[in-house]
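Here is the structure we will look at, set down as structure tokens.
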Amino acid sequence: MSKIRISFPMPTYSPPEIEARWQKAWEEADVFKARRSADKPKYYVLEMFPYPSGRIHMGHVRNYTMGDVIARYKLATGHNVLHPMGWDAFGMPAENAAMAIGGHPKTWTYDNIADMRGQMKPLGLSIDWSREFATCDPEYYGQQQSLFLDFLEAGLVYRKNAQVNWDPVDMTVLANEQVIDGKGWRSGAEVERRELTQWFFKISDMAGELKSALDGLDNWPAKVRLMQENWIGESRGIDIPFVRTDDAGTIRCYSTRPDTMRGASFIAVSPDHPVAKSLEADNPDLAAFIDECRKMDTTEAAMEKAEKKGIDTGVRVKHPVYDGVELPVWIGNFVLMDYGTGAVFGCPAHDQRDLDFARKYDLPVRNAFHMPGNPVEVESEALVPAKTETVVYIDHFAGITETTSQHGIDATIDYFEAHDLGEGQTQYRLRDWGLSRQRYWGCPIPVVHCEDCGVVPEKKENLPVELPDDVTFDIPGNPLDRHPTWRDTPCPSCGKPAKRETDTMDTFVDSSWYFARFTAPRADTPTNLDDAAYWMNVDQYIGGIEHAILHLLYSRFFARAMRITGHLPQGCEEPFDALFTQGMVTHEIYLTQDDKGRPVYHLPEDVTDGKLSDGTEVEIIPSAKMSKSKKNVVDPLGIIASYGADTARWFVLSDSPPERDVEWTASGAEAAYKHLTRVWNICDRIGAMDKEASGEGDNDLLRAMHKTIHDVTLGVESFGFNAAIARLYGFTATLQKSKASHKAQREAIMTLAQLMAPMTPHLAEDIWAHQGGAGLVTTAPWPVADEKMLVSDTVTLPIQINGKRRGELTVPADLDKAEVEKQALATQAVQKALDGGSPKKVIVVPGRIVNVVI
RNA sequence: GCGGGCGUGAUGGAAUGGUAGACAUACCAGACUUAAAAUCUGUUGGGGCCUCGCCCCGUGUGGGUUCGAGUCCCACCGCCCGCACCA
């Protein structure tokens with residue numbers, strides 16, 4: 001007999017409808033506007049703001065979703081939340097686009113911002129959009145110019161000569177990124193180094209303070225603190241003036257290992273050292289070598305990797321302690337002018353680089369010490385023991401013999417100071433921050449160059465110094481240089497014709513204080529002290545690990561500089577109380593080759609089961625960061641269109657710990673969607689239950705619920721979003737199978753909605769409304785776990801024998817140690833293993849484990 | 001080259017020094033269906049044996065500390081991030 005099935009029009013989970021509805025509801029209730037009030041604590045959560053490339057990508061979705069979870073959780077736990085968004089809008093890509101496709105960087109940038117804002121809004125982020133700004137808004141960069149002038153007055157900015165990459169064909173300055181294998185990316189010409197006068201922030205003056213203050217940043221990842229510490233690079237050493245034999249003064253060398261002075265066999269100076277420069281004119285060989293050095297990449301990585309080369313200058317210096325010993329002065333391509341004094345002494349026996357150099361150029365190798373009981377001379381491998389190891393110094397001038405290198409260094413510094421041969425010094429690796437950029441699309445540096453008055457700050461009432469709109473990018477170089485009506489201006493001091501500075505600021509300047517501007521984005525001063533005092537510091541900052549050093553260090557410097565110049569109140573020197581560095585979103589790469597064997601990449605949406613639509617098999621390359629060039633990108637808009645924002649949000653949080661990379665997979669997204677549908681269906685089922693229905697297992701369900709509240713709360717507070725989601729999966733399964741009463745199930749589904757709300761806010765609102773919850777789930781108070789519901793009466797302990805699990809034992813949770821031991825020893829597994837003997841030792845960790853050692 | 005990080009089933013991953021593999025994917029099996037999809041249920045690290053119970057091996061490799069190591073220490077291998085003008 002055939003059954004007749006009537007198909008009811010089952011309501012289904014419909015994200016487009018739900019998400020639009022609740023976004024509108026939030027907007028109408030204006031729930032995300034940051035408000036100040038005395039009755040609640042404040043919470044400032046910030047994600048590193050995006051560069052307006054024009055398209056949001058999954059990395060953005062992950063970053064902003066994490067911040068949103070925190071922001072929504074803090075809102076639910078009774079905080080006044082500040083969660084703003086802006087645009088890091090200056091930079092090279094806008095100029096590149098103008099060169100490549102025409103148009104104007106300004107139009108390109110603002111169009112991109114409009115596009116990206118439109119792409120971001122469907123994510124349902126709890127952002128206070130009323131505070132939005134872009135760093136290319138004159139209202140923003142004008143305030144930045146004002147900060148610059150105050151820094152200048154406070155002596156925090158100065159000018160000095162520094163090198164840039166110069167493309168001799170395009171006649172333009174290149175960024176490191178634009179130098180490919182030593183050649184300009186457009187022209188292909190050999191890049192040269194060129195010296196320009198540029199502006200610098202005196203960040204090195206604060207090196208010691210920036211280093212020591214790292215200790216207080218307890219809520220920063222230890223690895224970021226360590227990276228910053230190493231970057232700042234504090235070292236204790238000595239500045240030694242080596243006297244030239246030609247009576248032409250001294251060459252000062254900085255060394256952290258003066259204890260190896262016995263083994264000194266040469267001096268190496270930077271190609272940019274004054275000694276090198278002074279000899280260049282009369283010595284063609286030196287000039288040729290220095291010229292070759294100037295063609296090297298300016299990046300530190302390239303310098304370090306390059307073959308170590310040098311040339312003897314012919315100059316000799318006297319050894320500071322050994323009378324009659326002379327050392328040759330070489331120019332070394334590996335010596336940095338920016339670090340120390342731009343000159344070092346080489347001790348080949350105790351430094352591998354110096355040893356390689358000495359062997360190459362046949363310079364003497366002489367030990368300053370050897371290891372106790374092993375007095376061998378260095379041959380092909382330098383002897384570099386840890387500074388804490390004891391070594392035996394060879395006829396050391398300060399009279400030290402068998403001691404640690406660390407003590408040897410200190411004793412040598414004391415000896416040099418006592419004999420007036422040098423001065424102990426604490427040096428930092430950190431260099432001053434060069435902020436001048438020879439580009440158009442950046443914040444103009446607000447100074448004027450006057451023939452009579454020199455460098456004159458622009459008057460504050462003339463700010464902002466706005467970028468002119470009538471510029472073209474048909475030829476390389478900075479359009480500001482060839483814009484007479486903008487460039488020519490009266491001197492602010494004497495009024496005579498003068499010229500504006502045409503360099504603009506590094507975009508890192510823009511991002512070094514935007515977090516402070518968000519506290520009063522429309523103020524007619526850079527900040528409003530009252531608002532800054534209320535909202536600062538950023539309680540939780542979230543962004544990529546790639547910013548671990550520069551951006552964060554520059555921001556820490558800026559906060560101090562703004563404090564000094566009165567733009568931030570005291571206590572804001574460390575602007576980010578807590579930092580979280582999240583991982584990337586990755587995807588597999590699909591590759592085929594064209595008929596010439598060249599690689600052809602394919603978009604994920606064009607690949608099904610490892611094949612293209614025409615059946616061609618693709619090679620699958622393991623996951624890597626999503627990038628346009630590899631085509632391994634998934635467009636968030638496409639995902640939102642097919643599954644909804646909640647699915648995208650849920651997935652980017654679910655699969656990996658937030659600090660690690662997450663691989664985007666179609667099946668993972670599908671699973672997230674299925675799960676949300678399941679939750680929606682459970683809600684629907686409970687809604688259809690008889691309100692008076694009784695059931696079984698109410699207490700079990702509620703216990704599970706309280707455990708889930710506890711675990712999810714902990715997960716959200718500790719950035720364990722993936723773990724929190726695993727708990728939510730578990731609780732959903734429990735609820736799905738539950739036969740409990742309507743009352744208990746309704747409580748469970750409403751709590752589930754609340755716990756899911758930070759991650760999937762639209763679905764949560766819909767469930768909340770469906771079950772007749774009051775108001776919005778977004779503003780409902782966060783559920784609190786009942787401690788009484790969390791404790792259980794018994795506990796099951798694994799029993800190990802010699803560290804290997806051999807059984808288990810269930811005992812009352814409060815049973816004392818001795819009794820646990822007694823019961824454990826009585827178990828079959830232990831009895832069998834003991835075989836009539838007695839254990840050597842029994843370890844009982846209450847509530848955790850029993851280990852019997854036999 | 002230097003600094004930092006990571007490495008666990010077929011896959012993403014879980015695990016305050018205390019039961020390795022939670023949760024999810026994939027696969028396989030079952031239920032429902034004429035069928036498929038959807039949904040639901042269950043199995044799945046490898047090997048072995050006196051096969052419904054137990055044993056051995058197992059967290060990149062090799063050492064070490066510990067009653068006990070994925071976790072701590074040392075060395076090595078591989079991958080990722082940063083290296084100061086990419087943002």
Side-chain angles (χ1 to χ4, degrees), chain A residues 2 48 50-51 53 88 90-93 162 164-165 173-179 198 203 221-224 226-231 233 298-306 308 334 338 353 429-439 506-508 510-511 544-551 553-554 581 583-584 586 622-625 651 654-657 659-665 667-668 670-672 674-675 677-678 681 720 722-723 725-730 733 736-737 796-800 802-808 839-843 845 847-854:
Chain A
S2 71
M48 291 179 186
Y51 179 78
S53 60
D88 189 12
F90 276 134
M92 285 200 310
V164 292
N165 301 308
V173 176
L174 297 177
N176 284 341
E177 192 190 52
Q178 297 172 312
V179 180
Q198 306 192 62
I203 188 170
K223 63 178 171 185
V224 175
L226 190 58
M227 284 161 86
Q228 292 224 348
E229 189 178 328
N230 289 335
W231 185 262
T298 55
T299 67
E300 197 182 316
M303 302 264 294
E304 291 287 333
K305 270 187 218 155
K308 307 297 177 284
F334 53 90
D338 289 325
R353 187 188 62 193
R429 205 185 74 98
L430 180 67
R431 312 202 292 254
D432 278 335
W433 169 15
L435 68 121
S436 299
R437 295 292 181 272
Q438 296 70 41
R439 272 186 267 283
D506 179 9
T507 56
F508 270 123
D510 312 337
S511 55
I545 185 71
E546 67 272 20
H547 294 295
I549 295 174
L550 293 180
H551 163 60
L553 191 61
Y554 291 159
T581 53
M584 298 179 303
T586 64
S623 256
K625 181 179 182 171
F651 179 74
S654 67
D655 243 24
S656 287
E659 66 275 19
R660 280 219 239 164
D661 294 351
V662 64
E663 181 181 352
W664 183 276
T665 59
S667 57
E670 181 83 16
K674 280 182 189 173
H675 178 73
T677 306
R678 202 174 299 137
N681 288 339
N722 56 325
I725 282 178
R727 295 293 95 74
L728 289 167
Y729 269 114
Q736 184 160 27
K737 291 174 199 161
T796 300
L797 301 174
I799 296 176
Q800 293 184 334
N802 292 337
K804 290 184 191 290
R805 185 180 183 278
R806 284 294 179 271
E808 57 181 40
K840 277 191 197 145
K841 194 172 176 184
V842 180
I843 291 123
V845 185
R848 299 236 62 135
I849 204 161
V850 180
N851 191 13
V852 181
V853 186
I854 293 171

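Computed from heavy atoms alone, side chains included, the values below leave out hydrogens, waters and symmetry copies. Labels below follow one simple rule: chain letters A, B, ... track the order of the sequence lines, proteins then strands, and each chain is numbered from 1. The structure presented is a predicted model; accordingly, all values stated were derived computationally and were not measured.
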What N/O pairs connect the protein and nucleotides 65-71 of chain B at under 3.5 Å? Give each pair on its own line.
| from | atom 1 | to | atom 2 | distance (Å) |
| --- | --- | --- | --- | --- |
| C67(B) | O2' | N851(A) | ND2 | 3.3 |
| C67(B) | O2 | N851(A) | ND2 | 2.6 |

key: Structure string for RNA chain B in dot-bracket form, Watson-Crick and G-U at under 3.5 Å, | interchain   = (((((((..(((.....[....)))(.((((.......)))).)(((((...)))))..(((((..]....))))))))))))....
ask   = Tell me, for nucleotides 81-87 of chain B in 5' to 3' order, what letter each nucleotide earns: B for a base near a protein heavy atom under 4.0 Å, S for only sugar-phosphate near one, - for neither?
value = SSBBBBB
Anti versus syn assignment for U51(B), with syn defined as within 90° of 0 = syn
inquiry  = By the rule that syn is within 90° of 0, classify the base conformation of G78(B) as syn or anti.
reply    = anti
ask   = Between E300(A) and K305(A), does at least one N-O distance fall below 4.0 Å, as a salt bridge requires?
value = no
So, the side chain of [X] versus the backbone of [Y]: is there a donor-acceptor pair under 3.5 Å, distance only?
| X | Y | result |
| --- | --- | --- |
| D432(A) | I203(A) | yes |
| N851(A) | G803(A) | yes |
| Q178(A) | A175(A) | yes |

request  = Take the angle between the ring planes of F508(A) and Y554(A) and call it parallel below 30°, perpendicular above 60°, tilted in between.
outcome  = perpendicular
ask   = How many angstroms lie between CD1 in I545(A) and OG1 in T581(A), if you round to the nearest 0.5 Å?
value = 4.0 Å
query = To the nearest 0.5 Å, what is the distance between CH2 (W231(A)) and CG (L550(A))?
reply = 5.0 Å
task = Determine, stepwise, if the pair D88(A) / D510(A) fulfils side chain to side chain contact (heavy atoms under 4.5 Å, CB included).
result = CA-CA 7 Å; D88(A) 189 12; D510(A) 312 337; 4.2 Å; yes
key: Side chain of R848(A) - closest among C40(B), G4(B), G18(B)   = G18(B)
key: Under 4.0 angstrom between R805(A) side-chain N/O and G18(B) OP1 or OP2   = no
Would you mind classifying the nucleic acid contact of [X] as base, sugar-phosphate or nothing, using non-hydrogen atoms under 4.0 angstrom?
| X | result |
| --- | --- |
| K674(A) | sugar-phosphate |
| K737(A) | sugar-phosphate |
| N722(A) | sugar-phosphate |

inquiry  = Under the rule for side chain to side chain contact (heavy atoms under 4.5 Å, CB included), what residues qualify as partners of L797(A), not counting sequence neighbours?
reply    = V795(A), V811(A), V820(A), V850(A)
task = Determine the minimum heavy-atom distance between N230(A) and R429(A), stating which atoms define it.
result = O-NE, 3.5 Å
request  = Quick one: list whatever passes salt bridge (Lys or Arg N to Asp or Glu O under 4.0 Å) with D506(A), sequence neighbours left out.
outcome  = R437(A)
inquiry  = Give me the distance, rounded to whole Å, that separates U8(B) from C23(B) when you measure between the C1' atoms they each carry.
reply    = 15 Å
message = Taking the C1' atom in each of C80(B) and G9(B), what is the distance between them to the nearest angstrom?
response = 23 Å
query = What integer distance in Å separates L728(A):CG from A22(B):P?
reply = 18 Å
Under-3.5 Å N/O pairs linking protein and nucleotides 44-51 of chain B:
none

